[in-house]
Amino acid sequence: MSEKRDMDLTLKIWRQKDAKSAGKLETFQVKNISPDSSFLEMMDVLNEDLVAQNQEPVAFDHDCREGICGTCSLHIQGEAHGPDRAVTTCQLHMRKFKHGETIHIEPWRAKAFPVIKDLIVDRSAFDRIQQAGGFVSIPTSGNTQDANAIPIPKDDADTAFDSATCIGCGACVASCKNASAMLFVAAKVSQFALLPQGKVEAKRRVLHMVKQMDEEGFGNCTNTGACEVECPKEISLENIARMNREYLNASIK
Amino acid sequence: MAKLDSKAPTGPIKEQWTKHKNDIQLVNPANKRNIDIIVIGTGLAGGSAAASLAEMGYNVKAFAYQDSPRRAHSIAAQGGINASKNYQNDGDSNYRLFYDTVKGGDYRSRESNVYRLAEVSGNIIDQCVAQGVPFARDYGGLLDNRSFGGVLVSRTFYAKGQTGQQLLLGAYSAMNRQIAKGKIQMYNRHEMLELVIVDGKARGIIARNLITGEIERHSAHAVVIGSGGYGNVFYLSTNAMGSNVTAAWRAHKKGAYFANPCYTQIHPTCIPRSGDHQSKLTLMSESLRNDGRIWVPKSMEDVEAIRSGKKKPIDLSEEERDYYLERRYPAFGNLVPRDVASRAAKERCDAGYGVNATGEAVFLDFKSAIQRYGKEKALVDGVHNPSPEKIIEFGAGVIKDKYGNLFQMYNKIVDTDPYTTPMMIYPAVHYTMGGLWVDYNLMTTIPGCYCIGEANFSDHGANRLGASALMQGLADGYFVLPYTIGDYLADEIRTGVIPTDSPAFDEAEKSVKDRLEKLMSINGSRSVDTFHKELGKYMWNLAGMARNEAGLKEAMVNIKKLREEFWQDVRIPGDLNSMNTELEKATRVADMLELGELFAKDALERRESCGGHFREESVEQDGPQKGEALRDDVNFKFVSAWEYKGEPGDAVLHKEELEFKDIELKTRSYK
Ligand SMILES: Cc1cc2nc3c(=O)[nH]c(=O)nc-3n(C[C@H](O)[C@H](O)[C@H](O)COP(=O)(O)OP(=O)(O)OC[C@H]3O[C@@H](n4cnc5c(N)ncnc54)[C@H](O)[C@@H]3O)c2cc1C
Ligand code: SF4
Ligand code: FES
């Protein structure tokens, strides 16, 4: 339990009616915020106040509120998912802030993630990248070989798992000055590249996914590493290196 | 009205599914191209069904309220998925998994369905591995298993504490493959608000585009509902904020019977509420009970000293602690099943021994485990006469290897270090065993309307065993529904495209628009959340872990009154015809306010204690089981299936009598 007392805060929040309208920052006050509440619970308090004043609440994306669905997506004090490390916005707690502080809250900013409303953006570009090749082409009939037929070295399985923990939140894109999606794409490519099941289609996969990524309007990777810092699942830059090797390999032949 | 025909096959249980598959009709591949299927939900159940049906050649339209299929709440499942592979050679078999599931469910599930579940479970693991799901492996490169509560074998497959995520990403990738081929049309940020019935058959849905607010008509030859559980009727639960009952409830109001609505699982190890701002509760995996000991102080003075911060839990000696599970259940101790552990925590807290400010928390202490593991590790590493500090350091290391990510999650939320001070936990609503009634083919009482995953009632009876929901969702979606739906669709090959300009669609659309306009026009004084919270309070206090006749009657009255007030006094700012997050909440809460009443009615009707449903009037009066739950097989060995009759409280009860041919009915004892 936090020993800190309840806080009053000033919020500067991006408001935008819809994709077509222009947006702007608006200022709000919230009072008596418990340091033990999560950031989104603080947003709930604000929205309850707004409803009480017959104003429209601030729209933001969220669902699981335990750091796994990848829905929440706030840019807080200039950082994707805010000042804490290895957490999503929904896991960020108010004890990280001070009484009287002014907090800036904006949506993810990237050409490929247009704003839908207020703090909600359209991340369907990520789905389309996955549709371009983020799968193993086997039927779902269950008539596959026994699960233990191909042993997989534990290290490979563990590394593939680490890559597979990407929650598709888009913080990497939002943190990158080029709005590059390399970390996200590399995580998926790596997962499959490390497993025998994924090797069969490895070349086609990396070429198709990278092509789709470029078509969606994400920027180039210039190795600044900001994505890795803000990634709530600590997906490492090694994934990008692995994807670059896969891509080179696939392009040569 | 339709008589409840479970369509359960006859004959030896081991041969039923094979025989059934041979007996049902098939649809020829060329004809599948002319058949459309709507799937509501892209969790493990809906996602796997959509992918499989598309692959078989049907045209699938899939719907989710999230912005991507990958975000369905299945993503949050932690612990693992069961399968009777018997890789550990510890005597597991389809029969044993079947037996454990029926017994764990306190003998309130249909034998034939559960046996089939066990039978296809092994295939799920094969399928997922082939898709590239990175399950945990041992150093030999083979799949690893862990144990879960209520069973004596090691049959749970896992991917650290993120099993649901990895399985869902597998189903999502299978969907993506079909989306890329144009066989699945994916409708993200779309919410089904009505089921459309044409000539007695489910023929489509009315959905709201959550971005534009547009109301859309979608037709199909069959509708599959895989919309997840309704634990959010309690407001606080481990479910996602958006989890809701609307899809299932709309089908119920159109004729689908709702089965066992009161069967709810309250999970013993969740992070307690810290205050009124709380919006959801977080699960701490059941696996922690393998190493944690649960206690509260023996004396009231110590309780107060801890609450006020004058004492710390570590200041209390062993003699001053009440390890109440070990005291009451010496045989199973801290590893009693979920329902028993939850009720025991409530009993202590109701008696005033809760250890946090809200009075609703007990300790889960790893001190003994840290000592035990520390000494063991010192021996293994050849450290003689280790200092007490060294033992703790070693022991904490072992605990970190096992539960590191959970301890980190706890620390982020609560801001205390569970390695040095005990965790605080309290039971929370976690899973709903009840749901739409389905027959062996997973069809509801509406022809052409199917229900899969947590949204249906099948398989888990009155209590679900850990790691069995993921198994059921994928079994339904990958391996059961794709077969059984053919039996119905075989008669639809000449139907042709279902038009959406029929009177049935007109009327359904109008009813949705009227409902939404009504909600927007009330312009009252209370926010949606205040109603939801009040509903949750009635549910938790009067229909929660322990229920009695007076309380349940009170719940029905209160909920009905609250519903009436909602329709007169709710305030929803914003527009009808654009994105409106308050309106989304309102349509969901409106349906939960109806379900809540039926839930209480069902609990009232079931005057026995079984599984997650504990009736205070039905306890053992004497003998060694004194005070424990008393099941009544003479009068209540049935599935309650409720038919909607205009008001939730007027629902009519239909009974599906359960037969136990392959398993003998016994009392569960953990003393
Ligand atoms: C924290 C937590 C941990 C768990 N851990 C485990 C575990 O370790 N092992 C285990 O076996 N089980 C576990 N469970 C239970 C298990 O995860 C769920 O029962 C299961 O995943 C439910 O899957 P589903 O496909 O039925 O529904 P969900 O995954 O909930 O999917 C529901 C889908 O329906 C959609 N939907 C809902 N309503 C509508 C509507 N009106 N219109 C359009 N779309 C709609 C949603 O968008 C979503 O796509 C856990 C549950 C929780 C909450
Ligand atoms: S790589 Fe990290 S930041 Fe990027 S989408 Fe995945 S989890 Fe989010
Ligand atoms: S709401 Fe799911 S990760 Fe934050």
Side-chain angles (χ1 to χ4, degrees), chain A residues 1-2 18 34 36-37 40-41 44-45 48 51-52 54-57 59 61-66 68-71 87 91 93 95 116-117 120 123-124 126-127 130-132 134-140 142 144-148 151-154 157 160-161 164-165 168 191-192 195 197-198, chain B residues 48 51-52 55 66-68 70-71 73 75-76 85 87 123 125-127 129-132 134 137-143 159-160 162 165-166 169 173-174 176-177 179-180 188 211 240-242 274-275 277-280 282 412-416 478-479 527 529 571 573-574 578-579 581-582:
Chain A
M1 280 304 123
S2 180
D18 53 34
S34 160
D36 290 323
S37 67
L40 296 185
E41 285 164 351
D44 293 341
V45 172
E48 275 294 295
V51 176
N54 227 346
Q55 290 182 44
E56 206 178 333
D61 252 337
H62 64 110
D63 203 29
C64 75
R65 293 210 179 182
E66 53 185 74
I68 192 75
C69 72
T71 310
V87 293
Q91 293 174 301
H93 275 68
R95 58 183 82 93
I116 294 175
K117 179 172 183 168
I120 297 182
R123 285 170 288 187
S124 53
F126 270 13
D127 283 332
Q130 302 281 24
Q131 287 153 19
F135 47 78
V136 176
S137 299
I138 53 115
T140 59
T144 51
Q145 57 187 341
D146 186 83
N148 259 348
I152 301 176
K154 183 171 166 45
F161 171 81
T165 57
Q191 176 199 340
F192 287 135
L195 297 173
Q197 290 82 5
Chain B
S48 58
S52 304
E55 188 181 284
Q66 291 95 348
D67 70 336
S68 164
R70 66 178 294 156
R71 305 203 202 284
H73 197 51
I75 201 93
K85 278 285 197 187
Y87 281 161
N123 244 333
I125 306 303
D126 302 339
Q127 175 70 41
V129 166
Q131 283 170 343
R137 288 177 182 268
D138 59 25
Y139 283 101
L142 300 180
L143 293 163
K160 283 206 181 139
Q162 282 128 288
Q165 178 193 32
Q166 296 309 317
L169 293 180
S173 70
N176 281 334
R177 182 165 164 249
I179 294 173
N188 294 312
I211 297 178
M241 300 302 286
S274 67
H277 55 264
Q278 196 100 7
S279 60
K280 80 153 276 160
T282 304
K412 287 281 179 203
I413 294 175
V414 185
D415 203 25
T416 63
Y478 281 138
F479 303 134
S527 70
D529 277 359
R571 172 187 288 180
S578 66
M579 180 175 257
T581 47
E582 285 294 304

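Since the model is a prediction, treat every value here as computed from it, not as a measurement. In what follows, every chain begins at residue 1, and chains take the letters A, B, ... in the order their sequences are listed.
Proximity of a side-chain donor or acceptor of A/Gln131 to a complementary backbone N or O of B/Arg177 within less than 3.5 Å is not detected. In this structure, B/Arg71 contributes its side chain and A/Gly168 its backbone to a donor-acceptor pair below 3.5 Å. At distances below 3.5 Å, not a single donor-acceptor pair connects side-chain atoms of B/Gln127 with backbone N or O atoms of A/Ala147.
Contacts of A/Pro57 with chain B are made by side-chain atoms alone, with heavy-atom separations under 4.5 Å and no backbone atom involved. Interface remark: A/Ile152 contributes backbone and side-chain atoms alike to the contact with chain B (heavy atom separation under 4.5 Å). For a residue to count as touching a neighbouring chain, one of its non-hydrogen atoms must lie under 4.5 Å from one of that chain's; by this rule A/Ser34 touches chain B with the side chain only. In this structure, chain B has heavy atoms under 4.5 Å from both the backbone and the side chain of A/Phe161. Only the side chain of B/Ile179 has a heavy atom closer than 4.5 Å to any heavy atom of chain A. For A/Gln145, the part lying under 4.5 angstrom from a heavy atom of chain B is the backbone only. Using a 4.5 Å cut-off between heavy atoms, B/Tyr139 touches chain A through backbone and side chain atoms alike. Contact of A/Glu48 with chain B is made through the side chain alone, with heavy-atom distances under 4.5 Å. When heavy atoms are compared at a cutoff of 4.5 Å, A/Leu40 does not approach chain B at all.
Partners of B/Gln66 by side-chain hydrogen bond (donor to acceptor under 3.5 Å, both in side chains), not counting sequence neighbours, listed by chain and number: A/Asp63. Judged as a side-chain hydrogen bond (donor to acceptor under 3.5 Å, both in side chains), and not counting sequence neighbours, A/Asn148 has no contacts.
A/Asp146 approaches B/Lys85 most closely through the heavy-atom pair OD1-NZ, 2.9 Å. Contact record, A/Ala157 with B/Pro134: O-CB, 4.1 Å, taken as the closest heavy-atom pair. The two residues A/Thr140 and B/Ser52 make their nearest non-hydrogen contact at OG1-OG, 3.1 Å. Residues A/Gly134 and B/Ser173 share a closest heavy-atom pair of O-CB, 3.4 Å. Contact record, B/Lys280 with A/Glu66: NZ-OE1, 2.8 Å, taken as the closest heavy-atom pair. The two residues B/Ala130 and A/Ile138 have their closest heavy-atom pair at CB-CD1, 3.6 Å.
Taking the side chain as every heavy atom from C-beta outward, B/Asp415 and A/His93 never approach each other to under 4.5 Å. Residues B/Asp67 and A/Arg123 have side chains in contact (heavy-atom distance under 4.5 Å, counting atoms from C-beta outward). The shortest side-chain heavy-atom distance between A/Gln130 and B/Arg70 falls under the 4.5 Å cut-off. Within the 4.5 Å cutoff, the side chain of B/Asp529 has no heavy atoms near those of the A/Val51 side chain. Annotation: side chain of B/His277 is not in contact with side chain of A/Asp44 (no heavy-atom distance under 4.5 Å).
Between chain B and the residues A/Asn54, A/Val136, A/Asp18, the most heavy-atom pairs under 4.5 angstrom are made by A/Asn54. The choice from A/Ala160, A/Pro153, A/Ser137, A/Ala132 that makes the most heavy-atom pairs within less than 4.5 Å of chain B is A/Ser137. Heavy-atom pairs under 4.5 Å with chain B peak, among A/Glu41, A/Gln91, A/Glu56, at A/Glu41. Ranking B/Gln166, B/Glu582, B/Met579, B/Arg571 against chain A, the residue ahead of the rest is B/Arg571, based on heavy-atom pairs under 4.5 Å. By number of non-hydrogen pairs under 4.5 angstrom with chain A, the leading residue of B/His73, B/Gln278, B/Lys160 is B/Lys160.
For the residue pair B/Asp126/A/Thr144, the side-chain donor-acceptor check at 3.5 Å is not satisfied. If you check the side chains of B/Ser279 and A/Arg65, you find a donor sitting under 3.5 Å from an acceptor.
Between A/Lys154 and B/Asp138, none of the side-chain N atoms (NZ, or NE/NH1/NH2) sits under 4.0 Å from a carboxylate O, so this pair counts as no salt bridge.
The CD atom of A/Gln197 sits 10.5 Å away from the CD atom of B/Gln131 when rounded to the nearest 0.5 Å.
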